[in-house]
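Below: one structure, written as structure tokens.
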Protein chains: 2
Amino acid sequence: MAKSKSQPADNTHEPLAKLLKILSSPWTMLLLHRLHMEGPKRFGELKRRLGAISTKTLTERLRMLEAEGWVHRHYEPTVPPQVTYTLAERVLELDPLMVELDRIAERWYGRG
Amino acid sequence: MAKSKSQPADNTHEPLAKLLKILSSPWTMLLLHRLHMEGPKRFGELKRRLGAISTKTLTERLRMLEAEGWVHRHYEPTVPPQVTYTLAERVLELDPLMVELDRIAERWYGRG
DNA sequence: CAGCATCCAAGGTGATACTG
DNA sequence: CAGTATCACCTTGGATGCTG
């Protein structure tokens with residue numbers, strides 16, 4: 001649509017690049033997808049559901065998403081401690097995206 | 001749509017993971033976005049528009065997308081040669097996704 | 001112009017061990 | 001349970017130089 005002319009264009013500063021940088025870091029989408037589809041989850045459960053992810057990576061992603069304001073971390077100082085992660089309200093805007101992704105994934109790679 | 005049950009679940013084999021693996025490799029989304037918004041493009045123009053990408057990476061991405069059937073490569077043996085890349089028809093299904101991404105990027109990171 | 005071949009640095013990841 | 005701290009590795013991307 002936009003028919004801007006020929007610019008050197010460093011995408012790095014554009015909103016889309018910023019968003020994609022977050023979304024495209026490994027595991028992030030699958031992580032968000034889980035929380036989106038299945039609701040709030042504790043660390044261990046999340047890790048189990050994601051399969052091959054390491055605790056380190058999962059922690060990093062969660063910390064990043066927390067810093068970005070995409071997820072909330074709720075710490076319950078019981079014994080043993082319980083930490084629950086919830087999607088921030090704003091992230092619900094990603095819903096159409098998730099649904100679209102699911103649909104396309106199914107159509108393109110679903111059966112064979 | 002959820003697979004239900006409590007499985008160790010190695011997402012690696014699922015359609016969504018497959019799709020995300022492609023989409024989340026660096027530059028891929030921005031690349032597709034360009035082709036989507038501005039139509040068929042030649043290698044050099046594409047490179048210039050993407051900014052900081054290297055020829056190596058751009059080539060790799062294009063080759064990958066070609067192998068996946070996402071883009072078509074048209075070689076014109078003129079002097080100098082012209083190679084034009086076009087989105088495959090199926091990739092047009094990504095349209096809603098692209099639009100959504102743009103909207104969200106603008107809303108979340110558009111103004112500061 | 002549109003790549004390809006190398007080399008190399010950087011960062012990300014996983015495995016492992018340990019703590020509150 | 002929910003992490004943190006290390007370490008070693010290994011892929012990945014960028015820079016450079018060359019070709020048809």
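The structure presented is a predicted model; accordingly, all values stated were derived computationally and were not measured. First the proteins, then the strands, lettered A, B, ... as listed; each starts at 1.
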Nearest whole angstrom, please: distance from the [atom2] of [N] to the [atom1] of [X].
X       : N      : atom1 : atom2 : value
A:Met64 : C:dT13 : CE    : P     : 10 Å
B:Leu62 : C:dC1  : CG    : C1'   : 14 Å
B:Arg63 : D:dG13 : CZ    : C1'   : 17 Å
B:Leu58 : D:dT12 : CG    : C1'   : 15 Å
B:Lys47 : D:dG14 : NZ    : C1'   : 10 Å
A:Leu46 : D:dG3  : CG    : C1'   : 13 Å
A:Phe43 : C:dG20 : CZ    : P     : 18 Å
A:Glu60 : C:dA15 : CD    : P     : 14 Å

Interatomic spacing from CG in B:Leu19 to CD in A:Glu106 - rounded to 0.5 Å: 11.0 Å
With respect to the side chain of [X], which nucleotide from [options] is positioned closest?
X       : options                : result
A:Arg42 : D:dA2, D:dG14, D:dT4   : D:dA2
A:Thr55 : D:dT16, C:dT16, C:dT13 : C:dT16
A:Lys56 : C:dC7, D:dG3, C:dG14   : C:dG14
B:Ser54 : D:dG3, D:dG14, C:dT13  : D:dG14

OP1 or OP2 of C:dT13 under 4.0 Å from side-chain N/O of A:Arg61: yes
Residues within residues 71-87 of chain B bordering DNA chain C, heavy-atom distance below 4.0 Å: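 Per residue number, the list reads B:Arg73, B:Pro80, B:Pro81, B:Val83, B:Tyr85.
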Residues A:Glu45, A:Arg42; criterion salt bridge (charged side-chain N to carboxylate O under 4.0 Å, His left out); working and verdict: CA-CA 5 Å; A:Glu45 171 74 357; A:Arg42 294 176 55 188; over 6 Å; no
Residue pair A:Glu60, A:Arg63: steps toward the salt bridge (charged side-chain N to carboxylate O under 4.0 Å, His left out) verdict: CA-CA 5 Å; A:Glu60 281 180 3; A:Arg63 291 283 179 280; over 6 Å; no
Parallel, tilted or perpendicular, as decided by the 30° and 60° cut-offs, for the rings of A:Trp108 and B:Trp70: perpendicular
A:Lys18 bridged to A:Glu68 by N-O distance under 4.0 Å: yes
N-O pairing of B:Glu93 and A:Arg103 below 4.0 Å: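 A:Arg103 and B:Glu93: not salt-bridged.
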Sugar-phosphate only, base, or nothing, as touched by A:Thr57 at under 4.0 Å among non-hydrogen atoms: sugar-phosphate
Test log, rule side chain to side chain contact (heavy atoms under 4.5 Å, CB included), inputs A:His74 and A:Val83: CA-CA 5 Å; A:His74 180 70; A:Val83 179; over 6 Å; no
